[in-house]
Structures are given as C-alpha cells and as structure tokens.
Amino acid sequence: MVVARSIALKAVNTASLWGLNRSRFGGLPKVQTVRALSTIMSPPSKAVVYEHHGPPDSVTRMIELPPVEVQENQVCVKMLATPINPSDINRIEGVYPVRPQVPAVGGYEGVGEVYSVGSAVKGLSPGDLVIPSPPSSGTWQTYVVKDHEIWHKISKDSPIEYAATVTVNPLTALRMLEDFTTLSTGDSIVQNGATSIVGQCVIQLARYRGIHSISIIRDRAGSDEVKERLKALGADEVFTESQLEVKNVKSLLSNIPEPALGLNCVGGHAASLVLKFLSFRQGGTMVTYGGMSKKPVTVSTSSFIFKDLSLRGFWLQKWLSADKAKECRDMVDYLLRLAQEGKLKYEMELVPFDKFHSALEKALGKHGSQPKQVIKF
C-alpha cells in the first residue's frame with residue numbers, strides 16, 4: 001500500500017498535490033522542474049504525514065517524498081531518532097495551540113547526522129551530530145532539509161536516544177526548577193505525575209542540586225515497584241494518592257522540610273494533593289504544565305488569603321519563543337552532559353521506523369502504561 005501510494009505520488013505534480021512549500025512538511029522546499037547541474041539534492045525521504053486533523057492512528061500514513069533542493073543556506077540531515085510526544089499527538093488531533101499547517105509531516109524534536117550542506121553554510125559539515133534547537137516540526141522523516149540556523153551541533157558522544165528527547169521533557173523539568181522560586185540545597189519540592197519523563201527528570205535534577213523531592217503516583221498494580229524505581233532515581237518520598245487521604249500529610253514527611261514548589265501535570269484531585277503539601281508554609285507556588293486528567297484545579301479561598309499561595313503555568317513553547325535560542329542550546333548541552341555521565345536517565349523504547357504505527361498505538365495508551373516511544377531510523 002505504501003509503495004503504491006509512493007508511486008502514485010511521484011506520478012503527479014507533487015507540489016500541486018501537497019501544496020509543498022517552505023512552511024509545510026517540516027520546511028521541504030517546492031520541487032523544481034529545472035535545476036542547475038551543481039544543485040545539491042536530498043535523497044528521497046520516507047515520512048509520516050497527515051493531511052487533516054483527527055485521531056493519529058487514523059489520519060497518519062507513511063509515504064515517500066521526492067528529493068528536494070538543498071539551497072545555499074540550508075542543511076540536509078539524515079534523521080537517526082525521534083520521539084512520539086503527547087504534544088505531537090495533540091498537534092495531529094488539531095488541539096495543540098501551535099501546530100503546522102496541514103498537510104504536514106509529524107514530529108517536533110529528534111537527532112540526526114548532517115548529510116549535506118548548502119554552499120553558504122559555515123560551521124556544519126557532513127557527519128556532524130545535530131538537533132533542531134529550538135525544536136522544529138517535521139522530524140518524522142528519514143531526511144529533513146531546513147535552514148542552517150535551525151540545527152544545533154552537539155557532541156558526537158551524546159547518547160542518541162537522549163539527544164532525540166532532550167529538549168521537550170528534560171528542558172521543561174529544568175526550567176520549572178529554576179524559573180518560579182529560588183531553591184537552595186536542603187529545600188524540597190512536591191510533584192504529581194512522577195512517572196512521566198518530566199517527573200523522572202525533576203527527581204534527578206533536584207537530587208543533583210541537593211533538593212529533596214516528594215512524588216505522588218496513581219494507585220495501581222505494581223505501585224510498590226514504581227516507588228522503588230523512583231527512589232532509585234533519587235526521590236526522597238513516593239506516595240500513592242490513597243496514602244495521602246489523611247488530615248495531616250506533614251506527618252508523613254519525617255525530616256523533609258515543607259515544600260516551597262509544587263509541580264502539577266494532572267489536575268483534579270492529584271493537583272489538590274500537591275496543594276495539601278504547599279498549605280503548610282507561606283508563599284508556596286504550584287506550577288501547572290499539563291492536565292492529563294482533563295479536570296480543573298480547585299483551590300480553597302483560605303489558601304490564597306492566609307497562605308499567599310501562587311498558581312502559575314508553564315508552557316515550553318512560549319518560553320522558547322521569547323528569543324531563548326542561545327539559552328536553550330546551552331541548557332541542552334548541560335542536560336546531555338548529565339545524560340552522558342549517567343546522572344540523567346529515563347526509560348525509553350527504541351522502535352524501528354517501519355514499526356511506527358505499533359509505536360504510535362503504545363504512545364496513545366492502547367497497551368497500558370508504556371515507556372517513551374522513540375523511533376529509530
């Protein structure tokens with residue numbers, strides 16, 4: 001089926017069928033009918049595309065895109081790995097606030113190797129390991145052609161799977177620990193959604209800085225094993241939601257100080273449990289960066305009046321859009337060094353590109369809780 005579609009796609013005017021231009025399919029330029037002999041061309045690219053928004057397992061398909069011209073300021077990158085993130089799914093569904101115009105190639109972050117460079121490109125050479133930084137849509141394809149300024153050269157010693165996933169989740173964890181309150185050695189934080197990659201990164205980055213972490217997980221089969229796994233990463237305390245159905249959660253903390261910062265990616269009751277811990281001190285802050293339960297955050301009036309509680313939100317996309325490219329790249333290099341040193345790790349499953357839709361089903365939760373799905377080309 002894919003072969004037939006690919007042949008059919010090549011048999012017509014690709015540009016008119018897909019409306020290809022620099023803003024679509026991750027920046028692929030329009031196919032030219034007449035080219036100079038010296039023109040650099042990319043190889044054909046296999047890509048996961050969607051022509052309209054909807055359920056990702058229904059609207060995505062794998063096709064072959066024809067070679068495209070690598071213009072003088074552009075770089076052609078052979079992708080090595082790219083993850084399936086929840087935000088990727090939301091973009092395909094059409095519910096994410098910022099999304100590419102359809103038809104589009106999926107994906108937003110990843111890692112690749114420079115395949116060829118345009119005549120005016122300096123500082124990048126074939127064989128260099130690069131990531132799009134800040135992230136850029138269209139990474140679910142074997143070859144990506146984008147402006148040279150998109151690509152950030154990283155150390156060739158960087159673990160490929162971590163380089164592919166470093167920007168969206170680990171960077172979110174790092175920014176939330178740094179942007180909302182001043183944390184010193186010996187302070188503590190509390191979070192729900194602790195088994196997520198952001199949650200795992202929060203635990204490890206906090207431990208690395210001498211900050212205690214309290215993690216909240218759902219009640220489910222195997223919760224004892226989950227607790228041990230999170231504690232092995234550096235969590236000081238891990239509680240199931242049912243364990244916190246007590247009047248005074250402070251009594252559960254032993255020698256850990258009351259947290260100054262709470263992180264919420266769930267909402268609803270799980271957010272209220274984070275607020276329980278923040279209610280024991282003045283001026284606590286809860287940062288919401290997700291809403292997996294799709295339920296609202298409810299806060300008592302007294303928490304605002306008598307405890308001076310602050311509720312904030314964090315969206316990485318907004319932070320990246322605030323002229324943060326240099327700062328983003330410095331932090332990515334820092335996080336990759338931690339990963340290379342074994343100080344930052346999280347569970348992932350590497351899946352061959354031709355098994356993409358199997359990985360997508362896992363990312364959609366159709367097979368229960370699964371590790372982060374990372375496509376390997």
Side-chain angles (χ1 to χ4, degrees), residues 1-11 14 17-20 24-28 42-66 77-96 98-112 131-132 135-145 160-165 167-169 195-197 290 292 346-377:
M1 179 65 74
V2 171
V3 174
R5 287 173 176 162
S6 176
I7 294 172
L9 185 63
K10 288 183 172 180
T14 306
L17 175 62
W18 288 94
L20 288 176
R24 300 190 184 185
F25 282 128
L28 290 175
S42 75
S45 183
K46 287 187 177 180
V48 174
V49 304
Y50 54 103
E51 300 170 57
H52 54 270
H53 296 120
D57 51 346
S58 299
V59 302
T60 57
R61 61 192 182 104
M62 191 177 294
I63 66 169
E64 185 172 321
L65 297 173
V77 172
K78 179 182 179 181
M79 295 303 294
L80 300 176
T82 181
I84 304 177
N85 288 320
S87 55
D88 296 323
I89 292 170
N90 292 156
R91 286 185 178 90
I92 296 170
E93 292 170 335
V95 298
Y96 203 72
V98 176
R99 52 189 181 270
Q101 184 179 359
V102 294
V105 174
Y108 188 60
E109 66 173 332
V111 63
I131 63 172
S136 182
S137 57
T139 57
W140 291 354
Q141 57 182 317
T142 51
Y143 291 90
V144 178
V145 177
I160 293 300
E161 65 271 30
Y162 287 94
T165 57
T167 305
V168 172
N169 291 304
T195 58
S196 68
I197 288 188
M292 292 188 292
Y346 39 85
E347 190 178 3
M348 293 173 278
E349 181 180 356
L350 296 177
V351 182
F353 189 36
D354 59 2
K355 302 291 185 183
F356 173 85
H357 280 92
S358 296
L360 180 61
E361 286 190 355
K362 291 183 178 181
L364 290 169
K366 294 190 174 185
H367 301 283
S369 179
Q370 297 287 331
K372 169 70 69 177
Q373 299 294 294
V374 178
I375 303 303
K376 187 173 182 180
F377 296 93

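What you see is a predicted model, and the numbers here were worked out from it, not measured in a lab.
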For this session: Given side-chain contact (heavy atoms from CB on, under 4.5 Å), test Glu51 with Val102 step by step and report yes or no.
Result: CA-CA 6 Å; Glu51 300 170 57; Val102 294; over 6 Å; no
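- Between Trp140 atom CH2 and Met79 atom CE the span is 12.0 Å, to the nearest 0.5 Å.
- With Ser137 contributing its side chain and Tyr108 its backbone, the two residues share no donor-acceptor pair below 3.5 Å.
- Legend: residues meeting side chain to side chain donor-acceptor pair (under 3.5 Å) with Asn90, ordered by chain and number and at least two apart, are Glu93.
- Evaluation of the salt bridge (Lys or Arg N to Asp or Glu O under 4.0 Å) rule for Asp354 yields no partner, not counting sequence neighbours.
- Scored by the side chain to side chain donor-acceptor pair (under 3.5 Å) test, Ser196 finds no partners at all (sequence neighbours excluded).
- Ring pair His53/Tyr50 is tilted by interplanar angle, where 30° to 60° counts as tilted.
- Between the Thr82 side chain and the Ile375 main chain, no donor and acceptor come within less than 3.5 Å of each other.
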Side-chain donor-acceptor pairs under 3.5 Å in residues 367-374, sequence neighbours left out?
unit_1	atom_1	unit_2	atom_2	d
His367	NE2	Glu361	OE1	3.1
Gln370	NE2	His367	O	2.8
Lys372	NZ	Asn85	OD1	2.6
Gln373	NE2	Glu349	OE1	3.0
Gln373	NE2	Pro371	O	3.1

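- Without hydrogens or angle criteria, Ser45 side chain to Leu65 main chain gives no donor-acceptor distance under 3.5 Å.
- Taking the side chain to side chain donor-acceptor pair (under 3.5 Å) definition, one finds that Glu347 meets it with nothing, sequence neighbours left out.
- Contacts of Tyr346 classified as side chain to side chain donor-acceptor pair (under 3.5 Å), with partners at least two apart in sequence or in another chain: Thr165.
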